[in-house]
Amino acid sequence: MAIDQGDPVARATQALREDASQEWPQIAESVRSRVHNMTVPARPIRVAPLSGQHHDAQQSQVWLSSRVLRAALRQRLTTRGTMPDRLDFTIEERQLTHLSVEIVATYGDDLREVGAETRQRIDDTITEFLGPLPGWNPNTSIRVHICDIRPV
Amino acid sequence: MMATMAAWQRDQEGLLRAARLGDQTAFAEITTEFGPGMVGYAHSLVGNHHDAADVVQEALLSAWRSLDTFRGDSALKTWLYRLVHRRAMDLLRRRRPQPVDVDEFTELTAPTRHDPDRAAEDSEVLAALRAVLSGIPEGQRSVWMLREVEGMSYAEIGDTLALPVDQVRGLLARGRATVTERMQAWR
């Protein structure tokens, strides 16, 4: 926008915008740091031990934070044509029993394929991070809801 | 992962979706877009850089914590500015009342027309505008800033400040008249 140099209000307004921009980088760095260090609510999820028992030979258990699983799923479900909008875990007695995802798909894609691929990606991620969970069935434990369609 | 993303996933809505699921990089992109304006707005309300920085930081941290509850009923921009406004008002309420010298701006000497140093002149005219803004009622100042500096529509300003559009229009008219009149010395 052209500034009328003879108009003191216009000049001062422009200077006001530029002044704020100069202050921003330092504030942004502080916000980034504080966001990074902020504790996000998370729940522990039991990881399936290799033996199939709740405890390993040393009687210890391994837990995974739902925050870690959420981040992994967010990354793996963000593809050229899809993007997750919401991820909800059902955790009973610290075991993941169900997972519900809302997905944004791309206009023109076959939604049944999108659903199947999303389900497969989720199942692969769950298996990789938590191992074979007792009672876990990708067809009934995973709910995929396509909540929006966006143009390419 | 970024390389596989389509353009729609990097627009404001896509960034918001990613940030809502904990993507700090997406949140940083959102703050980069709106942060500088939020700082300018906060400064006009609280009157100094230090408090403005605190207000904006608290507003953005609050936004990060409550992104999950933001479902897009209002625009992202007006939501963020509303958070800034609330925190600035909280801060002003905590402060001891300080008398404002409404004629403070007149103490600044208007530069001569032939002053060769435009940067210094802009700095002075900026200080004059800040002084003028600090001397007008808070409602007029908020509306003036959101309209003249941030370019918001009347409806967006109403959404940000929880005011009916007619009241926004009235506050803006009074704010503009006062600012223009008190900046006349700089013509």
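In what follows, chains are A, B, ... by sequence order, proteins preceding strands, each numbered from 1.
Salt bridge B:Glu150/A:Arg17: absent, no basic N to carboxylate O contact under 4.0 Å. Salt bridge status for A:Arg150 with B:Asp11: present, with a side-chain N to carboxylate O gap under 4.0 Å. Salt-bridge formation is not detected for the pair A:Glu102/B:Arg17: no Lys NZ or Arg NE/NH1/NH2 atom is positioned less than 4.0 Å from an Asp or Glu carboxylate oxygen.
In this structure, chain B has a heavy atom under 4.5 Å from the backbone of A:Pro151, while its side chain stays farther away. When heavy atoms are compared at a cutoff of 4.5 Å, A:Asp85 approaches chain B by way of both its backbone and its side chain. For a residue to count as touching a neighbouring chain, one of its non-hydrogen atoms must lie under 4.5 Å from one of that chain's; by this rule B:Leu21 touches chain A with backbone and side chain alike. Looking at B:His43, the atoms closer than 4.5 Å to chain A (heavy atoms on both sides) all sit in the side chain, from C-beta outward. Heavy atoms of B:Tyr41 lying under 4.5 Å from chain A are absent altogether. If you measure heavy-atom distances from A:Met83 to chain B, the contacts under 4.5 Å come from both the backbone and the side chain. Heavy atoms of A:Arg67 lying under 4.5 Å from chain B are absent altogether. With a threshold of 4.5 angstrom between heavy atoms, B:Ala42 does not approach chain A through any atom at all. Heavy atoms of B:Gln184 lying under 4.5 Å from chain A are absent altogether.
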Q) Going through the checks in order, is the side-chain hydrogen bond (donor to acceptor under 3.5 Å, both in side chains) test met by A:Arg32 and B:Gln24? A) CA-CA 8 Å; A:Arg32 261 192 289 276; B:Gln24 295 180 11; over 6 Å; no
Q: Go through B:Asp68 and A:Arg86 one step at a time and tell me if the side-chain contact (heavy atoms from CB on, under 4.5 Å) criterion holds.
A: CA-CA 9 Å; B:Asp68 199 40; A:Arg86 193 174 185 93; 3.7 Å; yes
**Q.** Audit row: B:Met38, A:Ile27, side-chain contact (heavy atoms from CB on, under 4.5 Å) steps and yes/no
**A.** CA-CA 11 Å; B:Met38 292 166 73; A:Ile27 298 171; over 6 Å; no
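Taking the side chain as every heavy atom from C-beta outward, A:Val9 and B:Arg176 never approach each other to under 4.5 Å. No side-chain heavy atom of A:Leu87 sits less than 4.5 Å from a side-chain heavy atom of B:Arg20. In this structure, the side chains of B:Glu13 and A:Asp148 come closer than 4.5 Å at one or more pairs of heavy atoms.
Considering CZ of B:Phe27 and NE2 of A:His36, their distance stands at 14.5 Å, rounded to 0.5 Å. To the nearest 0.5 angstrom, B:Gln57 atom CD is 9.0 Å from A:Gln26 atom CD.
Most heavy-atom pairs under 4.5 Å with chain B, from the set A:Arg70, A:Arg34, A:Glu18: that is A:Arg34. Your options are B:Thr180, B:Val56, B:Thr32, and the one with the most heavy-atom pairs under 4.5 Å with chain A is B:Thr32. For the set A:Ala71, A:Pro84, A:Pro25, A:Ala28, the count of heavy-atom pairs under 4.5 angstrom toward chain B peaks at A:Pro84. In terms of heavy-atom pairs under 4.5 Å with chain A, the best-connected choice from B:Met145, B:His49, B:Arg65 is B:His49.
If you chain together hydrophobic residues whose side chains sit under 4.5 Å apart, A:Ile126 and A:Trp63 never meet in one group.
B:Leu61 and A:Val31 get closest at one heavy-atom pair: CD2-O, 4.4 Å. For B:Leu60 against A:Trp24, the heavy-atom pair with the smallest separation is CD1-CH2, 3.7 Å. In plain terms, the two heavy atoms of B:Trp144 and A:Leu16 that are nearest each other are CZ3-CD2, 4.4 Å. Smallest separation of non-hydrogen atoms from B:Leu126 and A:Ala12: CD1-O, 3.9 Å.
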